[in-house]
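The structure displayed is predicted, hence computed values, not measured ones. Letters A, B, ... are given to chains in the order of the sequence lines, protein chains preceding strands, and every chain is numbered from 1. The figures that follow rest on heavy atoms only: side chains count, while hydrogens, waters and symmetry mates do not.
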Amino acid sequence: MTFSKSYEPGEFESDIYAAWEASGIFDPKLTTRPVDSDGDGVDDRQGENDTFSIVMPPPNANGNLHIGHGLTVALEDSLTRYYRLRGLSSWYIPGADHAGFETWVVYERELEKKGHSRFEFDRDELYARVWDFVAEQRGNMELQLRALGASCSWEDLTFTLDENVIDRVYTTFEKMWNDGLIYRGEKLVNFCPKHQTAFADIEVEHEDESGTLWDIAYVYEGGEVIVSTTRPETLFGDVAVAVNPEDERYKKLVGKTVKLPLTDREIPIITDEHADPEYGTGAVKITPAHDFDDFEVGERHQLERIRVIAEDGTMINVPEAYFGLNTKECRKKVLKDLKDQGLLRGEKKITHSVAHCYKCGTVLEPTLKEQWFIDVERLAKAAIEHLENGEIKFHPENKRKVLINYLKGLKDWNISRQIPWGIAIPMFRKIDDTATDEPDWVFDRRTHLQVIEKAGVKYQRDEDTFDTWFSSAHWPIVCTNWTEENFNPYYPLNVMETGADILFAWVARMIMMGLYVTGEVPFKEVYLHGLVLDEHGKKMSKSKGNVINPMDLVTRFGSDAFRLGILRGRSAGMNQAFSENSVIAGRNLCNKLWNISRLIQSIIDTEEDIPSASDTLNMGEDWICRELNNCLEQVELAMSNYRFAEAIEVLYQTIWDKYADWFLESQKIYRNVPLLKQTLETILIALHPFAPFVTEAIWQNLSWTDGYIATADWPSRLEYDPISTEQFENIRIIVSEVRTTLQALPGTNNAKKYSLLYDNDSLINDNQLLIRSLTKVPTINSLNGAPRGLRLALANHELYLDVPENIVKEYKDNLTERILSVGRELDNLNLRMSNPNYLSKAPEHLVKETTEQIREKEALIARLKAELEII
RNA sequence: GGGUUGUUAGCUCAGCUGGCUAGAGCGUCUCGUUUACACCGAGAAGGUCGGGGGUUCGAGUCCCUCACAACCCACCA
């Protein structure tokens, strides 16, 4: 096979992925021995710790991947591939999320486009329609995951509405129901009037908005109380006026009643801490059915809850004149009427934060609703215990504390959603009023039925579906097929990788659910990535038009370049800007690697393969072995600490600056075919987790490699001679000095003009060819004891560039500058040594090091000065 | 109001337990087409590490404080 002049990712990527997939290497069930090979029901590998498992946070089945998914796949797949190379049975389980509400919004928009409305269909019909819609869309997302190189086991793809998921969710729900953790309660929930569904607290977006604070007089016999409100239209739902118990101004009034404006109703004046004497007039109206704080005040004082706004946003339970108005119209009319009656006493502009639907931006209406809730106290407590034990390691570490904090203040979890697209809540309400002994609600898995009969009593299914997070909380359990009966070597997961933004919504719930269902934490480590911001560090959003499409970058630069680019310079938990330049750097590295391989293959095609294993024959070979060993060690350390960017950085430097620029250049003089093969394999395998395609493309193109690099063995350490390695370091210093000096000399093309002179130096003498090749000087000659030209500033080597005297003179300024600079460094060192505390308190090896450095600098300055004098 | 994180070269970022003469990529400048690569090679310029104080023989790194930025939570009648 031949290597073309440059690496063109588009020519290889899809074929390579298809080959991997067909070979089954991503499915650990196919590539590893069975968990129980002797059939005794016990896992043979227990305790061997030779598995690696990770699940994909399921992308929404309804659309395309965004840049965050790109980052997720780059991180997760690098880990998976790395551990696969390290020999672990590695299982990367892909998924797709029905994404209840998200998908619902997309689908409803589709419906609207076609001139339909959700209300034309019943719930089961809608469910079927969305199912088809999602099935159609899902292929896109899966293709894109392949394009990103995700080495996941497609056989095991889990969809959040798969039967086993629903089964598991129902089992958990039943257990919770029996354990008394589930209750039906009437509570205030955040309700989106447009989408007609409730949200969990965590899904609500608060935004600061300007609003108006109105002062309204509530009259009593012989006086009035002024209350302040931003929502005058809710006054019909008022059941009290609250003042602070410490507020002297109102002490006399407590216990009196006032007349609710625009009505004939009398409401009491009560005391409650909630009333802040500093705010407004210090008196506040209490509307338990439409305000979260008031709801709590109402609970404390057993106040009635009067609903005055229906779910469709119109007024109910209000005087005739206001009935049926929407809230906006009603507010207008209330204000006008209050003004007419002289009860409106003032208004001022304020800024306050308002809850919005995170999808459509509609202002959420706090609404009284009967919903299913989970009593989270027990679950949260268990989670906190295990977190405090340090059973789960977090990256970044501080998120553990943040999570514990969150769990400590966690409120009961509303799991009912009023959208058809989701897992039906398996609860049925009694519709037979005569059966008074039977419970009002029963659990039953037959949610495909609208009505069921139990012991002659009829029950109707609750129409609501589960909050997506309730089922997602089971993700590690369902993806690994965990069961009560069998030991599962893939559970708990080795690591849960996901976005820091869903630490609370998802990670917290997986931990609670994992502990509740399996008794174990669901994963041993958590890696949280931050947001990928745009090139200027701003959040990406469609409205800003700064969204970067990962597929676009894959097309332009290749999948590997994208992966390398997005991982570069990124650390756990940080929101960081995306930099196309990093992708370009990644692309360049791929091309470099390609050409490295091209050179080596061409050498091998022409050179005889000396079959003496891979012994090192000259210094450059020893040196690269040491460098590769260092590289492997650093990559291994970085990976075990989830420092992806560092691993990539090390590989980049090693491959480019060391392997290509020094080792391969030296191999143009001395050729060691077995070592070339072995070292090339080493760098290819080490880079493979991050750049799977190019490394595989090369592997398949090389004449001597077998199988897939994706399942190769992680390279072992290479042997080298340390003395020879140090000599090569010497050569590198010499070569660099020659290059720098040549470029600093006046004129161009100096390398070709001046030859190198040495005196009595075996290192130079023995390596003339190599030095000539690296510096490009035409010849290297012995001085024979008669120095001339320009002496190079090198310790332990007497080397001259054969430069005419007039040129040397021009170089003088340069030399003076150099002496000054070294002098400054020397001053610093001397300063350090003149400090008696440094000598007594600093570690001995440092003092010794400093002493040596001083000696070297002094020698260098002496030499440079001597040189200057000669000139 | 509470919390978390960040502020290092023109840009995007490394710098983990204090030893740094502060690094990388991209960009800039100079030179270079020698049969792996111009998606290249060689070299260079560019930083009082946000400000101030402290601990230490020694601080980009630890502590305090201020400023700015981002995010999260709570409150907002």
Side-chain angles (χ1 to χ4, degrees), chain A residues 3 5-7 206 208 211 213-214 227-231 242 274-276 279-287 291 293-294 350-354 396 398-399 401-402 405-406 409 500-501 503-504 530-531 533 535-537 539 557 561 565 568-571 573-582 584-603 637-638 641 643 645-646 649 652-653 660-661 664-665 668 736 739-740 742-744 747-752 773 775-776 821 824-825 828-829 832 835-843 846-847 849-850 853:
Chain A
F3 282 88
K5 202 174 172 188
S6 64
Y7 174 61
H206 291 273
D208 277 349
L213 190 63
W214 286 279
V227 302
S228 306
T229 182
T230 52
R231 301 205 60 190
H274 167 63
D276 176 3
Y279 196 94
T281 59
V284 54
K285 70 196 218 33
I286 301 299
T287 324
D291 181 279
D293 290 322
D294 293 4
I350 55 154
T351 306
H352 59 153
S353 89
V354 180
N398 70 303
K399 295 290 181 188
K401 212 175 71 195
V402 174
N405 247 336
Y406 167 78
D501 53 332
L503 175 65
F504 298 155
L531 289 178
L533 307 173
E535 307 228 349
H536 308 288
K539 218 168 173 167
F557 302 110
R568 169 165 273 206
R570 210 166 280 278
S571 44
M574 298 289 307
N575 294 347
Q576 273 160 347
F578 175 82
S579 150
E580 192 169 298
N581 283 334
S582 295
I584 291 173
R587 190 264 324 256
N588 294 352
L589 179 65
C590 292
N591 188 245
K592 188 75 185 177
L593 194 61
W594 180 262
N595 276 289
I596 285 170
S597 309
R598 185 153 90 110
L599 173 65
I600 290 175
Q601 183 65 62
S602 76
I603 290 173
L637 185 67
N641 292 314
R643 292 206 283 259
E646 204 175 302
E649 207 59 51
Y652 194 104
Q653 306 296 338
D661 289 347
L664 279 188
E665 288 305 319
K668 288 176 178 171
S736 293
R739 285 169 173 171
T740 312
L742 283 169
Q743 297 239 12
T748 61
N749 245 330
N750 290 328
K752 287 184 175 164
S773 157
T775 58
K776 315 292 184 212
S821 143
R824 281 191 293 272
E825 287 168 22
N828 261 327
L829 293 171
R832 200 180 294 169
N835 182 342
N837 286 323
Y838 177 71
L839 296 174
S840 59
K841 290 184 182 170
L846 277 172
V847 177
E849 201 178 283
T850 311
Q853 281 173 347

Peer 1: Which part of the nucleic acid does Arg832(A) contact within heavy-atom distance under 4.0 Å: base, sugar-phosphate only, or nothing?
Peer 2: sugar-phosphate
Peer 1: Whole angstrom is fine here: how far is it from CG in Asn581(A) over to P in rU28(B)?
Peer 2: 10 Å
Peer 1: Atom CZ of Phe504(A) and atom P of rU4(B): how far apart are they, to the nearest Å?
Peer 2: 12 Å
Peer 1: Tyr279(A) has an atom OH; how far is it from atom P of rG1(B), in whole Å?
Peer 2: 16 Å
Peer 1: Write down the distance separating the P atoms in rA69(B) and rC64(B), rounded off to the nearest Å.
Peer 2: 22 Å
Peer 1: Under 4.0 Å from OP1 or OP2 of rA44(B): is there any side-chain N or O of Arg739(A) that close?
Peer 2: no
Peer 1: Does rC26(B) have OP1 or OP2 sitting under 4.0 Å from an N or O in the side chain of Asn588(A)?
Peer 2: yes
Peer 1: Starting from P on rC71(B), measure out to NZ on Lys399(A) and report it in whole angstrom.
Peer 2: 13 Å
Peer 1: Within this structure, what is the CD-to-C1' distance between Gln853(A) and rU21(B), rounded to whole angstrom?
Peer 2: 8 Å
Peer 1: Scan nucleotides 12-16 of chain B against the protein and return all N/O pairs shorter than 3.5 Å with their distances rounded to 0.1 Å.
Peer 2:
residue : atom : partner   : partner atom : Å
rC13(B) : OP1  : Ala577(A) : N            : 2.7
rC13(B) : O3'  : Gly569(A) : O            : 3.1
rC13(B) : O3'  : Gln576(A) : NE2          : 3.3
rC13(B) : O2'  : Gly569(A) : O            : 3.2
rA14(B) : OP1  : Ser571(A) : OG           : 3.0
rA14(B) : OP1  : Gln576(A) : NE2          : 2.5
rC16(B) : O2   : Arg643(A) : NH1          : 3.3
rC16(B) : O2   : Arg643(A) : NH2          : 2.0

Peer 1: Checking all strands, does Leu589(A) fall into the base, sugar-phosphate, or nothing category for heavy-atom contacts under 4.0 angstrom?
Peer 2: nothing
Peer 1: Can you tell me if Asn641(A) uses its side chain to pair, donor with acceptor, with the backbone of Leu637(A) under 3.5 Å?
Peer 2: yes
Peer 1: Using 0.5 Å steps for rounding, measure from the CZ atom of Arg832(A) to the CG atom of Asn837(A).
Peer 2: 14.5 Å
Peer 1: Listing time: all N or O pairs from protein to nucleotides 35-38 of chain B that are below 3.5 Å?
Peer 2:
residue : atom : partner   : partner atom : Å
rA36(B) : O3'  : Arg598(A) : NH2          : 3.0
rA36(B) : O2'  : Asn595(A) : OD1          : 2.4
rA36(B) : O2'  : Arg598(A) : NE           : 3.1
rA36(B) : O2'  : Arg598(A) : NH2          : 3.0
rA36(B) : N7   : Lys668(A) : NZ           : 3.1
rA36(B) : N6   : Glu665(A) : OE2          : 2.7
rA36(B) : N3   : Asn595(A) : O            : 3.3
rC37(B) : O4'  : Asn595(A) : OD1          : 2.9
rC37(B) : O4'  : Asn595(A) : ND2          : 3.4
rC37(B) : O2'  : Asn591(A) : OD1          : 3.1
rC37(B) : O2   : Lys592(A) : NZ           : 3.0
rC37(B) : N3   : Lys592(A) : NZ           : 2.9

Peer 1: Within the 4.0 Å heavy-atom criterion, would you say Pro843(A) contacts the bases, only the backbone, or no part of the nucleic acid?
Peer 2: base
Peer 1: Could you pick out which residue, Tyr7(A) or Pro836(A), lies toward the 5' side of RNA chain B when each is mapped onto its nearest nucleotide?
Peer 2: Tyr7(A)
Peer 1: In Å and rounded to the nearest 0.5 Å, what is the CG to CZ distance from Leu213(A) to Arg231(A)?
Peer 2: 13.5 Å
Peer 1: Would you write out the dot-bracket form of RNA chain B, 5' to 3', with Watson-Crick and G-U pairs under 3.5 Å, [ ] for crossing pairs, | for pairs to other strands and . for unpaired bases?
Peer 2: (((((((..((((.....[...)))).(((((.......))))).....(((((..]....))))))))))))....
Peer 1: Would you measure the distance from the C1' atom in rU65(B) across to the matching atom in rU30(B) and give it in whole Å?
Peer 2: 47 Å
Peer 1: Within the distance-only criterion (no hydrogens, no angle test), does the side chain of Asn595(A) pair as donor or acceptor with the backbone N or O of Asn591(A) below 3.5 angstrom?
Peer 2: yes
Peer 1: Roughly how far apart are Arg598(A) CZ and Tyr7(A) OH, rounded to 0.5 Å?
Peer 2: 15.0 Å
Peer 1: What heavy-atom pair brings Val402(A) and Leu503(A) nearest, and what distance separates the two atoms?
Peer 2: CG1-CD2, 4.2 Å
Peer 1: When you match Thr740(A) and Ile350(A) each to their closest nucleotide on RNA chain B, which lands nearer the 5' end?
Peer 2: Thr740(A)
Peer 1: Can you figure out which of rA24(B), rC39(B), rC73(B) approaches the side chain of Gln653(A) most closely?
Peer 2: rA24(B)
Peer 1: Supply the atom-to-atom distance Ile350(A) CD1 to Trp214(A) CH2, rounded to the nearest 0.5 angstrom.
Peer 2: 9.0 Å
Peer 1: Within this structure, what is the CZ-to-C1' distance between Arg824(A) and rU48(B), rounded to whole angstrom?
Peer 2: 15 Å
Peer 1: Which value, rounded to the nearest 0.5 Å, describes the distance between Arg570(A) atom CZ and Asn575(A) atom CG?
Peer 2: 9.0 Å
Peer 1: Rounding to an integer number of angstrom, what distance separates rA67(B) and rA22(B) when you compare their C1' atoms?
Peer 2: 24 Å
Peer 1: Using whole Å, what does the distance between atom C1' of nucleotide rC40(B) and atom CH2 of Trp594(A) come to?
Peer 2: 17 Å
Peer 1: Pick the P atom in rU12(B) and in rC31(B), then give their distance to the nearest Å.
Peer 2: 30 Å
Peer 1: If you measure from the P atom in rG2(B) to the same atom in rU17(B), how many Å do you get, rounded?
Peer 2: 28 Å
Peer 1: To the nearest Å, how far apart are Asn398(A) CG and rU5(B) P?
Peer 2: 5 Å
Peer 1: Is there a donor-acceptor pair under 3.5 Å between the side chain of Arg568(A) and the backbone N or O of Gly586(A)?
Peer 2: no
Peer 1: Got a second to check how far Lys776(A)'s NZ is from Leu742(A)'s CG, nearest 0.5 Å?
Peer 2: 12.5 Å
